[in-house]
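To start, the structure under review is shown below, and the notes come after it.
Everything numeric in this text was worked out from a predicted model, so none of it was measured.
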Amino acid sequence: MTVHRGRWSLEDRLEQGLRALPFDVPPGTASVAVELSYDGGVIDLGCHGPDGFRGWSGGARRRYTVAAEWATPGYIPGELEPGTWHVWLGLHRIPPDGVPYEVAITTSGTPPPRPDDPPPPRPERPPRRDLPAPDGFRWLAGDLHSHTVHSDGTLTVHELACLAASRGLDFLAVTDHNTVSHHPELPAAGAHAGVLLLPGQEVTTDLGHANVFGPTGWVDFRRPSADWAAFARARGGLMSINHPLSGDCAWRRPLPAGDRPRFAEIWHSSWWDRRWGAPLAWADVWRPGGVVPLGGSDFHDPAQHKTLGEPVTWVLTEGEDVLGGIAAGRTSVSAAPDAPVLLRDGGDLVAIGADGTVLVRPDGRRAAVRGDRVRVPADHPGMHRLETHENEVIALCG
C-alpha cells in the first residue's frame with residue numbers, strides 16, 4: 001500500500017489547482033484501488049497511468065477501482081501497465097484554514113468481481129410530432145446535456161437511455177464530466193431503449209464548461225480552451241460553450257475571437273426566468289458571425305428540478321446524422337418536446353403551436369403569430385425567437 005497524506009492550503013490551490021500523487025504498479029497487478037479521505041472543502045479525484053488518462057470522477061466519489069475487465073464508472077478498464085501511475089487531486093474548494101487529506105492506494109494480483117447490472121425494460125415512447133421538413137430530411141428531438149453514474153449523475157447509461165425514450169426524445173448526448181468511460185456503453189444502451197445516444201463529454205474547469213460532441217477521445221481539460229476546440233475539430237467533433245451565464249459555472253475562460261465555437265448552450269435549465277435577456281445578449285456579442293443555439297437540461301438525477309428534454313433541441317437531419325445537422329446550423333430549441341416550436345423550412349420560418357406569441361427577428365422586428373401553424377418568409381439570417389406578450393422566450397431558431 002502507498003499512502004500520501006498532508007494538508008492542502010489555499011496557497012497550494014492558487015499555485016497549482018491539479019496535483020498528481022505518484023504510486024508504483026508492479027508487473028502482474030490485476031487491480032488498483034484508491035481511497036481519498038479529507039475534511040472540509042471539495043477535492044476532485046482522477047487517475048493517470050503511464051499510457052495516459054485512466055479516469056475522472058471529480059467530487060462525486062472518494063474511491064475508485066481500475067482493473068482489466070472492469071472499473072468504477074468514470075474510469076477506464078484495461079490492462080494495468082507496470083510503472084509509475086498518478087492519483088489526480090483537483091483542489092476545487094480549499095478554505096483559508098486548509099484541508100487535511102489522505103490518499104491510500106492498494107494494488108492487488110486478484111481482479112475484483114464484475115458487478116451484475118441488468119438494464120431496465122424497454123420503455124414505451126410517445127408518438128413523434130409531425131413537423132415540416134424538406135424531402136430526405138426530418139426533425140429529431142434531443143437533449144444535448146446529461147450525466148450518468150460515470151460522473152455525478154445517479155442513473156446508469158441504460159437507465160438514462162430508457163428515460164430519454166420515455167420522454168419522446170430521438171437522441172441524447174451523454175456528457176459526463178472530464179471522462180469518456182461511458183462511451184463504450186452507449187451503442188448497446190441506445191439500441192435497447194430505442195434512442196440514439198451521442199458520445200459526449202463536458203470539459204469541466206473552475207472557469208467554465210464546454211461540451212465536446214462526437215467520438216473524439218478524451219479531451220485534456222488541463223489544456224487551454226483553444227486546444228479543446230482544435231482537438232475536437234481535428235477529430236470530427238463539435239465543441240459548444242455550456243451555460244455561459246450560469247452562476248459560478250459561467251464561461252470566464254480566455255478564448256481568442258478567432259477560436260470561438262459557433263455553438264453555444266444558450267438555453268440551459270438554469271435559464272428558469274426566460275424574460276431575463278442576458279443569454280441572448282451574450283450570444284449577440286460572442287461571435288460576430290452568429291451563434292448556433294443549442295439547448296440542454298443538464299440532467300443528473302430524477303429527484304432534482306431538472307427534467308430530461310427540457311429544453312429540447314431539434315435538429316434537421318439526413319437519416320440520423322445529428323452532428324452533421326448541428327454542424328450545418330439546422331437547430332431549433334423549444335421548452336419541451338410538445339411545446340411551441342419555431343423551425344426553418346426552406347426559405348420560410350414555421351411557427352407551430354404558437355398562436356398568440358410574438359415572432360422576434362434578429363434585427364428586432366416583431367410580429368404577432370396568429371394560428372397554430374404559421375409560415376412566414378425567413379428574410380434575415382441569424383437567430384430568431386418566439387416570445388409571449390410578457391417577453392418570455394418560448395422558442396429559438398438558428
Side-chain angles (χ1 to χ4, degrees), residues 1-8 12 16-39 41-92 94 99-117 147-154 156-157 174 176-186 199 201-205 217-223:
M1 176 183 288
T2 301
V3 177
H4 294 272
R5 60 173 60 92
R7 188 180 193 92
W8 297 118
D12 292 328
Q16 184 179 336
L18 186 70
R19 301 293 175 135
L21 306 182
F23 64 95
D24 290 328
V25 171
T29 298
S31 68
V32 169
V34 173
E35 184 163 359
L36 165 68
S37 58
Y38 63 92
D39 186 20
V42 178
I43 297 179
D44 294 335
L45 190 58
C47 187
H48 195 273
D51 291 345
F53 174 76
R54 292 304 292 260
W56 180 261
S57 51
R61 288 189 171 82
R62 294 200 182 192
R63 59 181 60 87
Y64 61 79
T65 297
V66 179
E69 299 296 327
W70 177 83
T72 300
Y75 294 82
I76 310 294
E79 294 299 327
L80 304 184
E81 62 271 28
T84 301
W85 288 52
H86 291 88
V87 174
W88 280 352
L89 297 183
L91 309 185
H92 185 57
I94 305 298
V99 174
Y101 75 95
E102 179 178 288
V103 176
I105 305 109
T106 305
T107 59
S108 172
T110 304
R114 185 176 186 132
D116 183 21
D117 194 13
H147 298 276
T148 73
V149 293
H150 285 264
S151 59
D152 54 350
T154 62
T156 66
V157 174
V174 186
D176 281 309
H177 296 282
N178 290 342
T179 189
V180 292
S181 62
H182 54 292
H183 287 192
E185 300 181 26
L186 300 182
Q201 57 199 293
E202 185 170 18
V203 190
T204 305
T205 72
W218 178 68
V219 179
D220 191 342
F221 62 92
R222 301 170 298 174
R223 302 289 302 164

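Annotation: salt bridge (charged side-chain N to carboxylate O under 4.0 Å, His left out) contacts of Glu185 (sequence neighbours excluded): none. Considering only residues two or more places apart in sequence or on other chains, Ser181 meets the side-chain contact (heavy atoms from CB on, under 4.5 Å) condition with Ile76, His150, Thr179. With sequence neighbours left out, the side-chain hydrogen bond (donor to acceptor under 3.5 Å, both in side chains) criterion links Tyr64 to no other residue. Applying the ring-ring contact (aromatic ring centres under 6.0 Å, His included) rule to Tyr38 yields no partners; only residues at least two apart in sequence or on another chain are considered. With sequence neighbours excluded, the residues forming a side-chain contact (heavy atoms from CB on, under 4.5 Å) with Pro112 are Ser31, Thr65, Ala67, Trp70, listed by chain and number. With sequence neighbours left out, the salt bridge (charged side-chain N to carboxylate O under 4.0 Å, His left out) criterion links Glu102 to Arg5. In this view, Arg62 satisfies the side-chain hydrogen bond (donor to acceptor under 3.5 Å, both in side chains) rule with no residue, not counting sequence neighbours. Checked against side-chain hydrogen bond (donor to acceptor under 3.5 Å, both in side chains), Arg7 has no partners two or more places apart in sequence or in another chain. Considering only residues two or more places apart in sequence or on other chains, His48 meets the ring-ring contact (aromatic ring centres under 6.0 Å, His included) condition with Trp88. Scanning for salt bridge (charged side-chain N to carboxylate O under 4.0 Å, His left out) contacts around Arg222 gives Asp220, with sequence neighbours left out. With sequence neighbours excluded, the residues that form a salt bridge (charged side-chain N to carboxylate O under 4.0 Å, His left out) with Arg19 are Glu15.
Of all the heavy atoms in Ser57 and Tyr75, the pair that sits closest is OG-OH, 2.7 Å. Residues Pro77 and Glu69 approach most closely at CB-C, 4.0 Å, considering heavy atoms. When all heavy atoms of Ala60 and Ser151 are compared, the pair lying nearest together is CB-O, 3.4 Å.
Side-chain contact between Thr72 and Val66 is absent, with no heavy atoms from C-beta onward closer than 4.5 Å. Counting heavy atoms from C-beta outward, Trp85 and Pro50 have side chains that approach closer than 4.5 Å. Residues Val103 and Phe23 fail the side-chain proximity criterion, which asks for heavy atoms closer than 4.5 Å. Contact of the Phe221 side chain with the Trp56 side chain is registered, since non-hydrogen atoms from C-beta on lie closer than 4.5 Å. Contact annotation: the side chain of Val157 never approaches that of His183 to less than 4.5 Å [non-hydrogen atoms, C-beta and beyond]. Side-chain atoms of Ile43 and Val99, non-hydrogen and from C-beta on, do get closer than 4.5 Å to each other. In this structure, Val87 and His4 have side chains that are not in contact, with every pair of non-hydrogen atoms separated by 4.5 Å or more.
Without hydrogens or angle criteria, Thr204 side chain to Glu202 main chain gives a donor-acceptor distance under 3.5 Å. With hydrogens and angles disregarded, no donor-acceptor distance shorter than 3.5 Å links the side chain of Arg54 to the backbone of Leu80. Remark: the backbone N or O of Val25 is not paired with any side-chain donor or acceptor of Glu81 at under 3.5 angstrom.
Expressed to the nearest 0.5 Å, how far CG of Asp152 lies from CG of Asp176 amounts to 7.5 Å. Interatomic distance, NE2 of His177 versus OG1 of Thr148, reported as 10.0 Å (0.5 Å rounding). Atom CG of Asp12 is separated from atom CD1 of Ile94 by 8.0 Å, given to the nearest 0.5 angstrom. The distance from atom CD of Glu35 to atom CZ of Arg61, rounded to the nearest 0.5 Å, is 13.5 Å.
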Quiz prompt | Worked check of side chain to side chain contact (heavy atoms under 4.5 Å, CB included) between Leu45 and Leu89 | solution = CA-CA 5 Å; Leu45 190 58; Leu89 297 183; 3.8 Å; yes
Practice problem: Show your working on side chain to side chain contact (heavy atoms under 4.5 Å, CB included) between Leu186 and Val174 and close with a plain yes or no. | Solution: CA-CA 8 Å; Leu186 300 182; Val174 186; 3.8 Å; yes
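Residues in residues 20-30 take part in no salt bridge (charged side-chain N to carboxylate O under 4.0 Å, His left out) pair, two or more places apart or across chains.
Note: Trp8 and Tyr101 have parallel aromatic rings, judged against thresholds of 30 and 60 degrees for the angle between ring planes.
The neighbour count for Glu79 CD, taken as heavy atoms of other residues, nucleotides or ligands under 6.0 Å away, does not exceed 12.
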